Protein chains: 2
Amino acid sequence: MSGSQKVKVYEEVLQQVKAYIEEHHLSPGDKLPSERELSELLNVGRSSIREAFRALELLGLIETRRGEGTFMRTYRPYHMVELLSTFILHEARTKEELAAAKMMLELEVINKILPLLTEGHIEHLTSLVKGTNSEKEAQTLHHSFFQYLFEISGNELLNRMWQLIDGFANTVHDFTFSNSFYKKVLEEMERGKLNDVRSWYEKELNLSN
Amino acid sequence: MSGSQKVKVYEEVLQQVKAYIEEHHLSPGDKLPSERELSELLNVGRSSIREAFRALELLGLIETRRGEGTFMRTYRPYHMVELLSTFILHEARTKEELAAAKMMLELEVINKILPLLTEGHIEHLTSLVKGTNSEKEAQTLHHSFFQYLFEISGNELLNRMWQLIDGFANTVHDFTFSNSFYKKVLEEMERGKLNDVRSWYEKELNLSN
DNA sequence: TCTCTAAGCAAGGTTATTCCTCCTTCGGGA
DNA sequence: TCCCGAAGGAGGAATAACCTTGCTTAGAGA
C-alpha cells in the first residue's frame, strides 16, 4: 500500500531542536534545555531526545557535559570527519567531487581578497611559506595559508564551507602542494592577477595523485 | 578508578562497529547485526547501540529499515550536508555572503562544463532563455538554467551545495537577472571564454540590490 | 497441486523506569 | 571569611515492555 512515509521521531526532534535554536536565537556557548525538559516539551521519550543529541554531537554541532547540560558549540568538524574517513576511502566519485569543491573555494577566496590585500598580509603569508621546510608541515601550511585568506575575506559562510570540505578532503586524499605553488600564488597576488593560479592548482593536484 | 571515564559507550560502539565492518569486509548493501545481537555481543544496552546507529544513519553511512535490519550504504554526504548547512547558515548568513557563495557556485559550474558543452546543450539553454519573457518567470529561468548546467557537470556535491544556497538566497533576497545576462553567458559559452562573465554577474547583482 | 491466508517470528521504533555518576550550588560550622 | 559536605540537577546507561512492519511458513480450501 502507501509507502510508509514514517518520519522517525529522532528526525522530528532534530527539526524541533533546530527550530528551538532559531526561535531563541541561541549562539555557541548557550545552553539547550535538558534532555528531560525537551522530552516533556516535545512529548517524546527521553531516548529519542538522546538519539537526536548524540547525532548532533557526532556532527560537532553541540556538546554535552555530564551533570551540566547540553550546549551549542562553535562548529568543529573534527570528530565526524575522523569517523567518516574510514568508511569512504574507496569511493572515487565523491573523492573527485570533494577535490573540485575544495579547489573552487580556495580559488574563490584568493580572488575575493585580491582588492583587500595589504603589504602586511603578503608579509605574513610569505613568512608562513618560508617557515615551512619539512614535508610533514606541508598540510599544516596549506591549512593555515588558506585559513588566513578566509579570515581576510571576512566571509564566514565561505570559510565554514571550506573548513568542512577541507576536513573531508584531507581524510580521503593527501593534498600536498609543493612549496613553489604558494610562492607563485604570492607573486601573482602582488601583481593583482590570478588568471593562471587555476592551472597551477590543477598541476599540483596531478602531481599528488 | 581514575575518576572520569570520559569515553561514552556509544562512541565505543562506533569504534566497535567500524572494526566489525572491517573485519567482516562489509560492503554497501550488506547487513549489520541486529541491535539486540550487537547489544549482547558488545555487552552494552540496546539504547547505546541505537544512539550509535542513529548517528551513523545521520551521517549517511548506514540505513535502517524497520522490521528488516540495518544495512551498509553507499556513502552520500548530501544528507548530512543539508543538516549541517542549515546550522552553519544560521550562524553566518548575511545577504552578501549568500550572494557571494551563490555566485561562486554558478560561475564554477559554467567553468566546469565548458569543455563538455555540445550543440545540443546550447540549443536547450537558448530555448530556455527565449521562452522566458515575463518577469514572473525570471526566477524559474535562473533556477532551470543553472540546474541544467549542474546536471551536465555531473558533480552532485556542487549541485547540492548550490541548491541549498540558492534556496536560502531566494528567501532572503530576490535575485533577478535580466534576460540579456543569459544571452551573454551563452555567447561566451560558444566562444569557450568566460573571463568576463564574472563582471556581468556582478553588475546584475548591483542592479538588483 | 496450487493459491491464499493466518500465525509466528525477527527486527526496528518508542517509551518508561530505574539506578548511577558527575557537577554545581548553597548553607552551616570552624 | 573560608571550607566542606549534603542536596539537587543533569547526563549516562541498562533494561523491560509494547508496538509496528515485513518476511516466512504452514495449513486450509479450491
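Since the model is a prediction, treat every value here as computed from it, not as a measurement. Chain letters run A, B, ... following the sequence lines, proteins first and then strands; every chain starts at 1.
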Q. Any chance the side chains of B/Y10 and A/E57 put a donor and an acceptor closer than 3.5 Å?
A.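 Yes.
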Q: Go through the side-chain N and O atoms of A/K8 and B/T64 and say whether any donor and acceptor fall under 3.5 Å apart.
A: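 A donor-acceptor contact under 3.5 Å links the two side chains.
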Q) Quick one: salt bridge (Lys or Arg N to Asp or Glu O under 4.0 Å) partners of A/E12, sequence neighbours excluded? A) none
Spacing between [X] atom [atom1] and [N] atom [atom2], to the nearest angstrom:
X	N	atom1	atom2	value
B/F71	C/dG12	CZ	C1'	11 Å
B/E63	D/dG22	CD	P	13 Å
B/E35	D/dA16	CD	P	16 Å
A/I62	D/dG11	CD1	C1'	12 Å
A/R66	C/dC22	CZ	P	5 Å
A/E12	C/dT15	CD	P	11 Å

Compare the minimum distances between each of [options] and the side chain of [X], then state the nucleotide with the smallest one.
X	options	result
A/E68	C/dC23, D/dG11, C/dG12	C/dC23
B/K8	D/dA13, C/dT14, C/dG13	D/dA13
B/R36	C/dA11, D/dA10, C/dT15	C/dA11

**Q.** Residue-level proximity of residues 37-52 of chain A to DNA chain D when a heavy atom falls under 4.0 Å
**A.** A/R46, A/R50
**Q.** Aromatic plane relationship, A/H142 with A/F181 - under 30° parallel, 30 to 60° tilted, over 60° perpendicular
**A.** parallel
Q: Give me the ring orientation class for A/Y182 and A/F177: parallel if the planes are under 30° apart, tilted from 30 to 60°, perpendicular past 60°.
A: tilted
Q.
Quick check on C/dA11: is either OP1 or OP2 less than 4.0 Å from any side-chain nitrogen or oxygen of B/T64?
A. no
**Q.** Below 4.0 Å: OP1/OP2 of C/dG12 and any side-chain N or O of B/T70
**A.** yes
**Q.** Heavy-atom side-chain contact between A/L38 and A/Q16 under 4.5 Å
**A.** no
Q) How far apart are the C-alpha atoms of A/K18 and A/E11, what are their side-chain angles, what is the distance that settles it, and do they pass the salt bridge (Lys or Arg N to Asp or Glu O under 4.0 Å) test? A) CA-CA 11 Å; A/K18 198 178 73 182; A/E11 287 175 340; over 6 Å; no
Q. Could you run down nucleotides 3-8 of chain D 5' to 3' and tag each one B, S or - for protein heavy-atom contact under 4.0 Å?
A. ------
Q) Any salt bridge between B/R73 and B/E63, counting N to O under 4.0 Å? A) no
Q | B/E106/B/K102 ion pair, N-O < 4.0 Å | A | yes
Q: Please work out if A/R65 contacts a base, only the sugar-phosphate, or nothing of the nucleic acid, heavy-atom cut-off 4.0 Å.
A: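 Result for A/R65 = sugar-phosphate.
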